[in-house]
Student: 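For reference, the structure I am asking about is given below.
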Amino acid sequence: LSQEEIANLNTSVNVNSLERTLDFWNENRNNPAEEEWQKELSNSIVLEQVLSFPVNIVAEKAYVGGKRVTNKEGSELDFLIKNKLTNNSALIEIKTPVTNLVESGYRNGINNVDKELSGAVMQVLNYKSRLQENYANLMLNEYEGENTFYNFNPKCYVIIGNTEQLSSQRMVKSFDLFRNQLSNVVVITFDELFYKVENLIKILERPAVKIEKGIDDFNDFL
């Protein structure tokens, strides 16, 4: 294959992977199984849509410290990742599309954020604190070689909920007021994530050329 054909093949593989993930989203918008969402999002191409930098997944269900001598109370983060170019780390916590974002009751024109959202934010900040406290020990015992990463004030991300829950302008206002004032945690909803994935597919498909030279069945080849 020529370099151009190889590039087109890589694009086709990426598009195929993203399309499968997008299909899963469209078929599972009301799926409350957190483990299934973590498995589906264990794709660095998808996660790059959240972080906007090249991603390496260091570990899923990543241990970030905290175990006692009884081997209990250890902290496990959904995704510990790092920037491919700088090796600085970032933390991602995943909930589900049906996780509540804001409460239905309100006062003075605003709604309170749901405890699931505020709890997820506190959870990922706790993981960050544990990671910083145990960084040196983790580098010696848990994350060596290719999994080595830096710990320069890592950013935290929470993927949670669906904006379709926000049935009024008041609820949208309350949600955005909350997440926009967070200084070191980025909150993104599942539908926002997959909107970006869908747009990426359109961009990748635009220049794609079907490979035919020397290949009888392109789909079988993939």
Side-chain angles (χ1 to χ4, degrees), residues 16-51 55 57-64 66 72-81 90-106 110-131 155-180 182 184-201:
N16 188 260
S17 174
L18 291 171
E19 284 178 339
R20 285 198 300 269
T21 303
L22 187 61
D23 287 342
F24 183 88
W25 158 246
N26 288 324
E27 296 167 4
N28 292 270
R29 289 171 179 260
N30 297 315
N31 187 345
E34 193 171 316
E35 291 292 331
E36 292 185 28
W37 284 108
Q38 178 174 349
K39 180 180 178 181
E40 194 61 33
L41 293 182
S42 58
N43 181 333
S44 61
I45 301 174
V46 175
L47 294 180
E48 283 173 356
Q49 303 313 298
V50 180
L51 284 81
V55 169
I57 297 176
V58 176
E60 300 175 36
K61 291 296 181 184
Y63 173 65
V64 292
K72 297 180 179 179
E73 297 188 19
S75 296
E76 287 190 343
L77 172 72
D78 285 334
F79 288 104
L80 177 60
I81 64 175
L91 296 80
I92 300 180
E93 184 65 15
I94 292 175
K95 297 306 178 183
T96 76
V98 297
T99 305
N100 289 331
L101 298 174
V102 297
E103 295 179 351
S104 57
Y106 69 96
I110 59 170
N111 297 66
N112 194 18
V113 295
D114 193 271
K115 64 181 180 180
E116 293 293 335
L117 173 55
S118 59
V121 170
M122 291 304 300
Q123 186 177 29
V124 76
L125 286 173
N126 181 57
Y127 289 152
K128 176 183 176 179
S129 176
R130 288 283 176 87
L131 178 64
K155 200 81 172 180
C156 300
Y157 299 83
V158 175
I159 305 174
I160 184 172
N162 187 333
T163 60
E164 292 177 358
Q165 301 174 21
L166 307 174
S167 56
S168 68
Q169 184 180 10
R170 182 174 59 243
M171 296 177 78
V172 172
K173 174 184 177 182
S174 301
F175 174 62
D176 275 337
L177 281 175
F178 173 77
R179 67 172 174 174
N180 289 344
L182 298 172
N184 205 37
V185 180
V186 176
V187 175
I188 183 170
T189 62
F190 277 82
D191 56 321
E192 289 173 329
L193 170 61
F194 284 102
Y195 183 84
K196 296 173 74 174
V197 170
E198 186 174 10
N199 283 338
L200 178 60
I201 291 172

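When a residue number appears, it is its place in the shown sequence, counting from 1. Keep in mind that the numbers below use all heavy atoms, side chains included, and drop hydrogens, waters and symmetry copies.
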Student: Walk me through it: do Ile201 and Leu22 pass the test side chain to side chain contact (heavy atoms under 4.5 Å, CB included)?
Tutor: CA-CA 9 Å; Ile201 291 172; Leu22 187 61; 3.8 Å; yes

Student: Just to verify, which of Thr189, Leu193, Ile188 counts as forming a side chain to side chain contact (heavy atoms under 4.5 Å, CB included) with Asp191?
Tutor: Thr189

Student: What is the minimum heavy-atom distance between Met171 and Gln165, and which atoms define it?
Tutor: CE-O, 3.7 Å

Student: Given side chains that start at C-beta, do those of Ile94 and Phe190 come closer than 4.5 Å, heavy atoms only?
Tutor: yes

Student: Before giving the answer on side chain to side chain contact (heavy atoms under 4.5 Å, CB included), spell out for Ile92 and Asp78 the whole-Å C-alpha distance, their side-chain angles and the decisive distance to 0.1 Å.
Tutor: CA-CA 6 Å; Ile92 300 180; Asp78 285 334; 5.7 Å; no

Student: Does Asp176 pair with Lys173 as a salt bridge, N-O distance under 4.0 Å?
Tutor: no

Student: Applying salt bridge (charged side-chain N to carboxylate O under 4.0 Å, His left out), which residue pairs with at least one partner in residues 24-42 are found, sequence neighbours left out?
Tutor: Arg29-Glu164, Glu35-Lys61

Student: Please tell me if the side chains of Leu200 and Ile45 come closer than 4.5 Å, counting only heavy atoms from C-beta onward.
Tutor: yes

Student: Provide the closest heavy-atom pair for Leu101 versus Gly161 in the form atom of the first, atom of the second, distance.
Tutor: CD2-CA, 3.9 Å

Student: For Asn111 and Val102, indicate whether the former's side chain and the latter's backbone hold a donor-acceptor pair under 3.5 Å.
Tutor: no

Student: Thr99 versus Leu117: any side-chain heavy-atom pair under 4.5 Å?
Tutor: no

Student: Can Val46 and Leu18 be said to form a side chain to side chain contact (heavy atoms under 4.5 Å, CB included), step by step?
Tutor: CA-CA 7 Å; Val46 175; Leu18 291 171; 3.8 Å; yes

Student: Heavy atoms, side chains only, cut-off 4.5 Å: are Val50 and Val55 in contact?
Tutor: no

Student: For a side chain to side chain contact (heavy atoms under 4.5 Å, CB included) check, start with the C-alpha distance between Asn184 and Lys155, then their side-chain angles and the critical distance, and finish with the verdict.
Tutor: CA-CA 6 Å; Asn184 205 37; Lys155 200 81 172 180; 3.5 Å; yes

Student: Does the Gln123 side chain pair with the main chain of Glu93, one donor and one acceptor, at a distance under 3.5 Å?
Tutor: no

Student: Ignoring hydrogens, what is the shortest heavy-atom contact between Asn31 and Thr96? Give both atom names and the distance.
Tutor: O-CB, 3.9 Å

Student: Taking all heavy atoms of Ile160 and all of Ala120, pick out the closest pair and write down the distance.
Tutor: CD1-CB, 4.2 Å

Student: Taking the side chain as every heavy atom from C-beta outward, state whether Ile57 and Ile81 have any atom pair closer than 4.5 Å.
Tutor: yes

Student: Ignoring hydrogens and angles, tell me if any N or O in the side chain of Ser129 forms a donor-acceptor pair with the backbone of Leu125 under 3.5 Å.
Tutor: no

Student: Give, for atom CG of Asn126 and atom SG of Cys156, the distance between the pair rounded to the nearest 0.5 Å.
Tutor: 10.5 Å

Student: Measure across Pro97 and Trp37 and return the closest heavy-atom pair with its distance rounded to 0.1 Å.
Tutor: CD-NE1, 3.2 Å

Student: Phe194: what forms a ring pair (Phe, Tyr, Trp, His ring centres under 6.0 Å) with it, not counting sequence neighbours?
Tutor: Trp25

Student: With heavy-atom distances below 4.5 Å as the criterion, would you say the side chains of Phe178 and Leu182 are in contact?
Tutor: yes

Student: When rounded to the nearest 0.5 angstrom, what is the spacing between CG in Leu131 and OH in Tyr127?
Tutor: 12.0 Å

Student: Looking only at heavy atoms, what is the nearest atom pair of Leu80 and Ala62, with distance?
Tutor: CB-CB, 3.6 Å

Student: CG of Asn100 to CD of Glu116: how many Å apart, nearest 0.5 Å?
Tutor: 7.0 Å

